[in-house]
Structures are given as C-alpha cells and as structure tokens.
J.: 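Sharing a structure below in structure tokens format, with a few things to ask.
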Amino acid sequence: MIERGEIWTLDDEKKYVVASIVEIEQKVYVYLVKKDDYNKYVIGEFDGEGINEIEDPELLETLLVRFNEDLKTNLPNILAEYL
C-alpha cells in the first residue's frame, strides 16, 4: 500500500512525495509533489506496484476536487516534514 509522505522516484528519475491519496470506485489515486520543486506535481493511479499518470480530463477534474479537500488538512504537514 502507498502512504502519505512516502517518496517515490518516477520514470523521469525525479523524486516525488505522496501528498494526497483518494480512493474512487476501489481505485487508488495519488497526488505527488516533486521533492525539490513543489510547484511540479503528478496525478496518477497507484496499481499496487507503480504509479500510472492520469490524462483523462474528466477524471482529473474529479480528482482535483477530491485532492483539494484532502490537501487543505494534510499539505502543510507534508511540506514541513518532507520537502
């Protein structure tokens, strides 16, 4: 399982921190923030082994709303501890 605060190295060889996790219809989606530049991010689906970036505009819109709700509470702690 994936958890907030974990650091993942993606295909671009850059490190990202898991800032938010939401589950929709038994799928786990993650919002990752680049470790050395938190203005850069990746939104993806965690498949149990890796993270597949999401490109579907409708799904991204839904996820952004859900991540926003989650991040209001958790992002300050993530930034302070991991970035």
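Side-chain atoms are counted along with the backbone in the values below, which use heavy atoms only and exclude waters and symmetry mates.
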J.: Identify each donor-acceptor pair in which a side-chain atom of residues 17-30 lies under 3.5 Å from a protein atom, sequence neighbours left out, and give them as a table.
T.:
unit_1 : atom_1 : unit_2 : atom_2 : d
Ser20  : OG     : Asp70  : OD2    : 2.6

J.: Taking all non-hydrogen atoms of both residues into account, name the closest pair between Ile7 and Lys35 and its distance.
T.: CD1-CE, 3.9 Å
J.: Determine whether Met1 and Tyr16 fall in the same hydrophobic cluster, where Ile, Leu, Val, Met, Phe, Trp and Tyr are linked whenever their side-chain heavy atoms lie under 4.5 Å apart.
T.: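 Linked within one cluster.
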J.: Would you say Lys72 and Asn68 make side-chain contact, with heavy atoms under 4.5 Å?
T.: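 With C-beta onward as the side chain, the pair touches.
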J.: Can you tell me if Asp37 has over 12 outside heavy atoms packed within less than 6.0 Å of its CG?
T.: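 Yes, the 6.0 Å shell around CG holds more than 12 heavy atoms from other groups.
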J.: Say you draw a straight line from CG of Asp12 to NZ of Lys40; how long is it, rounded to the nearest 0.5 Å?
T.: 10.0 Å
J.: Using a 4.5 Å cut-off on heavy atoms from C-beta on, say whether the side chain of Phe67 contacts that of Tyr41.
T.: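 The answer is no; the side chains never approach within 4.5 Å.
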J.: Rounded to the nearest 0.5 Å, what's the gap from CG on Leu63 to CG on Asp56? Could you check?
T.: 9.0 Å
J.: So, do Ile2 and Ile51 sit near enough that their side-chain heavy atoms are less than 4.5 Å apart?
T.: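 Yes, their side chains come closer than 4.5 Å.
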J.: In Å, rounded to the nearest 0.5 Å, how long is the span from CD of Glu45 to CD1 of Ile54?
T.: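 Rounded to the nearest 0.5 Å, the CD-CD1 separation comes out at 5.5 Å.
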J.: When rounded to the nearest 0.5 angstrom, what is the spacing between CD1 in Ile43 and CG in Leu64?
T.: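 Reported value, rounded in 0.5 Å steps: 4.0 Å.
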